[in-house]
Amino acid sequence: MGRGKVQLKRIENKINRQVTFSKRRNGLLKKAHEISVLCDAEVAVIVFSPKGKLYEYATDSSMDKILERYERYSYAEKALISAESESEGNWCHEYRKLKAKIETIQKCHKHLMGEDLDSLNLKELQQLEQQLESSLKHIRSRKSHLMMESISELQKKERSLQEENKALQKEVIKMPNKAPIIT
């Protein structure tokens with residue numbers, strides 16, 4: 001016996017609705033995993049339950065990478081559309097996107113300044129520490145390079161002044177011993 005066709009409409013019974021949600025969510029996540037394994041596709045699935053609980057699945061690459069890739073693709077596609085027709089909606093989208101980037105940059109800046117670290121977990125703190133150590137190495141290297149250049153310039157200047165001093169001493173020695181004329 002086959003299963004009958006399910007009519008797609010909201011399930012009124014709360015318990016049946018929750019059971020259906022749970023089963024179909026699991027089925028959806030299973031299918032996402034299967035397509036990622038069988039077809040070597042990058043897959044990301046985000047589901048919010050009626051109560052607002054988050055369920056997600058992402059392939060080996062992280063959800064962030066997939067969403068970033070989606071955003072780039074989506075942005076490129078929208079850029080083509082906006083080239084055809086400039087509209088206020090695209091400007092609003094661009095504004096929201098730039099505002100989000102600014103907020104992210106400000107958040108990173110605060111983290112680099114040692115502020116607002118409570119929101120970071122241990123791994124993120126370790127990454128921040130490594131980033132700061134790497135930056136410090138680059139800064140010290142640049143500082144050393146500039147100091148060496150400065151020392152080299154000063155040594156050249158010193159040699160030049162010594163040569164000039166020797167030349168002046170030779171001129172003084174060559175001068176006849178004349179008594180100074182006092183007037």
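Heavy atoms only: backbone and side chains are in, while hydrogens, waters and symmetry mates are out. Every value quoted in this text rests on a predicted model; they were computed, and no experiment measured them.
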Open item on the list: Taking side chain to side chain donor-acceptor pair (under 3.5 Å) as the cut-off, I'd like each qualifying pair that reaches into residues 125-148, sequence neighbours left out, listed once.
Closed with: H145-E149
Open item on the list: To the closest 0.5 Å, what do you measure between OG1 (T59) and NZ (K65)?
Closed with: 10.0 Å
Got a list of side-chain donor-acceptor pairs under 3.5 Å for residues 160-167, not counting sequence neighbours?
none

TODO: Decide yes or no for L28 and Y57: does some side-chain heavy atom of the first lie under 4.5 Å from some side-chain heavy atom of the second?
DONE: no
TODO: Tell me, yes or no, whether the heavy-atom count around I35 atom CD1, taken from other residues, nucleotides or ligands under 6.0 Å, exceeds 12.
DONE: no
Task: Of all pairs that satisfy salt bridge (Lys or Arg N to Asp or Glu O under 4.0 Å), the ones with a partner from residues 6-26, not counting sequence neighbours - done: R10-E12
Task: Salt bridge flag under 4.0 Å for residues R72 and E68 - done: yes
- [ ] Find out if a path of hydrophobic residues (ILVMFWY) with successive side-chain heavy-atom gaps under 4.5 Å connects V37 to V43.
- [x] no
Task: Pairs meeting criterion salt bridge (Lys or Arg N to Asp or Glu O under 4.0 Å) with involvement of residues 29-40, two or more places apart - done: K31-E34
Task: Rounded distance (nearest 0.5 Å) linking atom OG1 of T20 with atom CD1 of I11 - done: 3.5 Å
- [ ] Could I get the full list of side-chain contact (heavy atoms from CB on, under 4.5 Å) partners for I46, not counting sequence neighbours?
- [x] F48, L54, M63, L67
Show me, pair by pair, the donor-acceptor contacts under 3.5 angstrom made by side chains of residues 101-123, not counting sequence neighbours?
| from | atom 1 | to | atom 2 | distance (Å) |
| --- | --- | --- | --- | --- |
| T104 | OG1 | A100 | O | 2.9 |
| H111 | NE2 | D116 | O | 3.2 |
| N121 | OD1 | K123 | N | 3.1 |
| N121 | OD1 | E124 | N | 2.8 |

- [ ] Measure across V45 and V47 and return the closest heavy-atom pair with its distance rounded to 0.1 Å.
- [x] CG1-CG2, 3.9 Å
TODO: State whether the side chain of S22 and the backbone N or O of V19 hold a donor-acceptor pair below 3.5 Å, judged by distance alone.
DONE: no
